[in-house]
Amino acid sequence: MNHHQASHPGSHAGRGAANGPPRQGNLRLVAWEVTRTCNLACVHCRAAALDRPYENELKTDECFRLLDDIGTVASPIIILTGGEPLLRPDIFEIAAYGNAKGFRMTMAVNGTLLTPETAKRMIETGIQRISVSLDGADASSHDAFRRVHGAFDGAMRGIAYAREAGLPFQVNTTITQQNLDEFPAIHDLTVSLGAAAHHIFLLVPMGRGKDLAEQGISAEQYEKTLHWFYERRDKVPLQLKATCAPHYYRILRQRAKADGREVTFRTFGLDAMTRGCLGGTGFSFISHIGQVQPCGYLEVDCGNIRERSFREIWENSPVFRDLRDFKQYRGKCGRCEYVRVCGGCRARAYESTGDYLAEEPLCLYQPRSDAASEEQP
């Protein structure tokens with residue numbers, strides 16, 4: 001499974017009237033699991049995907065109708081993910097259809113199936129960026145993570161084909177105890193490859209990732225890693241994005257304040273305009289069978305597009321409405337002055353407690369007792 005973020009500029013969290021919670025969100029990103037079939041067997045896979053057909057996946061005409069429906073809500077970035085989306089026979093038809101509707105179409109692939117022909121086809125059908133996951137700086141560590149010999153070489157070959165075709169690509173890295181020490185080397189490799197961006201993900205233990213729960217980094221390591229990531233932002237010629245790592249947007253503001261810098265679009269670009277956890281506020285996930293969720297890691301069924309329109313689910317699902325009302329957040333997240341820019345990882349909260357509104361379990365920060373959600377994205 002490739003992580004669902006293939007490319008995104010920032011996203012505002014939707015807000016309602018000043019005295020009430022946001023009702024409809026502000027849809028900026030949709031990650032769509034177009035297939036669960038995958039040719040790899042990665043240890044952290046959210047979908048626990050296998051190299052076999054999966055029953056009941058959305059048919060081509062259902063895919064087109066879904067894109068039509070999404071278009072009635074907004075014109076978001078669409079991330080075609082999986083599984084491995086290149087294993088879906090009609091993937092380029094879907095990409096072209098979304099492109100014709102004016103969506104920014106992107107694709108999350110593992111790189112091993114990329115050829116000069118598929119890279120060219122992606123460009124022709126309107127794919128504007130792909131993401132490729134690198135979870136090790138060399139073949140031994142990456143292949144151990146991906147559980148397939150040759151995965152690293154395949155990913156590097158695919159990246160080379162994308163670069164030669166002029167197809168922008170980003171690198172996604174999931175950080176665990178297994179590769180934490182190697183992360184600077186992975187980052188340096190990403191820079192040397194000419195990537196447009198490097199997105200980091202902090203492990204959410206679900207799917208096959210549940211078996212990796214002990215590989216999750218500690219709250220202290222989490223904090224240290226995000227501070228290191230912040231310090232890299234002015235030193236490298238590519239976009240850095242912390243995904244499934246909402247504390248970064250608190251740290252960014254703390255560090256900026258300490259440096260005497262104001263967090264604006266001019267000074268921090270899109271990082272100033274987005275927030276940490278976008279699940280249900282600016283982001284939605286759609287599964288291979290049409291189940292809508294706040295994100296791929298938060299497996300809470302908000303409705304199925306075969307039974308209700310995406311628009312109806314996005315605007316009226318009680319789960320989405322809960323996530324947009326920060327006053328409902330519990331524990332220290334609920335009283336934190338950074339709740340609007342961080343929000344805590346709702347999926348980690350859910351996996352830890354069974355409550356998606358509970359406090360983020362991997363956070364060291366203690367909110368100021370006199371603060372009340374003063375920070376704005």
Enquirer: Atom CH2 of Trp32 and atom CE of Met105: how far apart are they, to the nearest 0.5 Å?
Expert: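 Rounded to the nearest 0.5 Å, the CH2-CE separation comes out at 7.0 Å.
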Enquirer: Might you confirm whether atom NZ of Lys101 has over 12 heavy atoms from other residues, nucleotides or ligands at distances under 6.0 Å?
Expert: yes
Enquirer: Which ring-ring contact (aromatic ring centres under 6.0 Å, His included) pairs, counting each pair once, include a residue from residues 109-129, with sequence neighbours left out?
Expert: none
Enquirer: Would you mind telling me which of Arg250, Arg233, Arg253, Arg266 makes a salt bridge (Lys or Arg N to Asp or Glu O under 4.0 Å) with Asp271?
Expert: Arg233
Enquirer: Side chains of His288 and Glu57: donor-acceptor distance under 3.5 Å anywhere?
Expert: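 Checked: His288/Glu57 side chains show no N/O donor-acceptor pair below 3.5 Å.
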Enquirer: A cation-pi test, strictly: NZ or CZ of Arg261 under 6.0 Å from the centre of the six-membered ring of Phe268 and no more than 45 degrees from its axis. Yes or no?
Expert: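 Here Arg261 passes the 6.0 Å and 45° test against Phe268.
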Enquirer: List the steps, then state whether side-chain contact (heavy atoms from CB on, under 4.5 Å) holds for Thr176 with Thr174.
Expert: CA-CA 7 Å; Thr176 67; Thr174 296; 4.1 Å; yes
Enquirer: ring-ring contact (aromatic ring centres under 6.0 Å, His included) for Tyr222 and His247? Distances and angles first, verdict last.
Expert: CA-CA 9 Å; Tyr222 194 162; His247 315 356; 4.2 Å; yes
Enquirer: Check side chain to side chain donor-acceptor pair (under 3.5 Å) between Glu231 and all other residues, then give those that pass, not counting sequence neighbours.
Expert: Arg255
Enquirer: For Leu189 and Met156: C-alpha separation, side-chain torsions, deciding distance, then whether side-chain contact (heavy atoms from CB on, under 4.5 Å) applies.
Expert: CA-CA 10 Å; Leu189 174 62; Met156 295 296 284; 4.0 Å; yes
Enquirer: Indicate whether any N or O donor in one side chain lies under 3.5 Å from an N or O acceptor in the other, for Glu182 and Ser141.
Expert: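 Distance-only check passes for Glu182 and Ser141.
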Enquirer: Scan Thr72, Asp69, Val73 and name whichever one has a side chain to side chain contact (heavy atoms under 4.5 Å, CB included) with Ser309.
Expert: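 One option only clears the test, and that one is Asp69.
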Enquirer: Please tell me whether Asn110 and Thr112 have a donor and an acceptor in their side chains that are separated by less than 3.5 angstrom.
Expert: yes
Enquirer: Run the salt-bridge test on Arg65 and Asp61 with the 4.0 Å N-O cut-off and return the result as yes or no.
Expert: yes
Enquirer: List the steps, then state whether side-chain contact (heavy atoms from CB on, under 4.5 Å) holds for Leu27 with Phe310.
Expert: CA-CA 11 Å; Leu27 184 65; Phe310 175 82; 3.6 Å; yes
Enquirer: For residues 84-141, pull every pair meeting ring-ring contact (aromatic ring centres under 6.0 Å, His included), keeping only residues two or more places apart or in separate chains.
Expert: Phe64-Tyr97
Enquirer: Can you confirm whether the side chains of Asn26 and Arg324 place a donor and an acceptor under 3.5 Å from each other?
Expert: no
Enquirer: For Asp322, what residues pass the side chain to side chain donor-acceptor pair (under 3.5 Å) criterion, not counting sequence neighbours?
Expert: Gln328, Tyr356
Enquirer: Go through the side-chain N and O atoms of Gln177 and Gln221 and say whether any donor and acceptor fall under 3.5 Å apart.
Expert: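 Side-chain D/A pair, Gln177 to Gln221: present.
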Enquirer: First locate atom CZ of Arg346, then atom CG of Leu357, and finally report the distance between them rounded to the nearest 0.5 Å.
Expert: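 If we round to the nearest 0.5 Å, Arg346:CZ and Leu357:CG are 6.5 Å apart.
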Enquirer: Does the side chain of Asp355 come under 3.5 Å of the side chain of Thr353 through a donor N or O and an acceptor N or O?
Expert: no
Enquirer: Tell me, which pairs form a side chain to side chain donor-acceptor pair (under 3.5 Å) where one or both residues lie in residues 153-166, sequence neighbours left out?
Expert: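 Listed once each, the pairs would be none.
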Enquirer: Within a reach of under 6.0 Å around CD of Glu62, are more than 12 heavy atoms found that belong to other residues, nucleotides or ligands?
Expert: yes
Enquirer: Write out all pairs satisfying side chain to side chain donor-acceptor pair (under 3.5 Å) with one or both partners inside residues 87-96, taking only residues at least two apart or from two chains.
Expert: Thr60-Asp90, Arg88-Asp90
Enquirer: Using a distance-only test with no angle check, is there a side-chain donor-acceptor pair under 3.5 angstrom linking Tyr249 and Gln254?
Expert: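 The criterion, which ignores hydrogens and geometry beyond distance, is not satisfied for Gln254 and Tyr249.
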Enquirer: How long is the gap from CD on Gln293 to SG on Cys302, to the nearest 0.5 Å?
Expert: 7.5 Å
Enquirer: Aromatic rings Trp228 and Phe183: how do their planes relate, parallel, tilted or perpendicular, breaks at 30° and 60°?
Expert: perpendicular
Enquirer: Under 4.5 Å between side-chain heavy atoms, hopping through other hydrophobics if needed: is there a path connecting Leu193 to Met107?
Expert: yes
Enquirer: Side chains of His199 and Ser131 only: does a donor on one sit below 3.5 Å from an acceptor on the other?
Expert: no
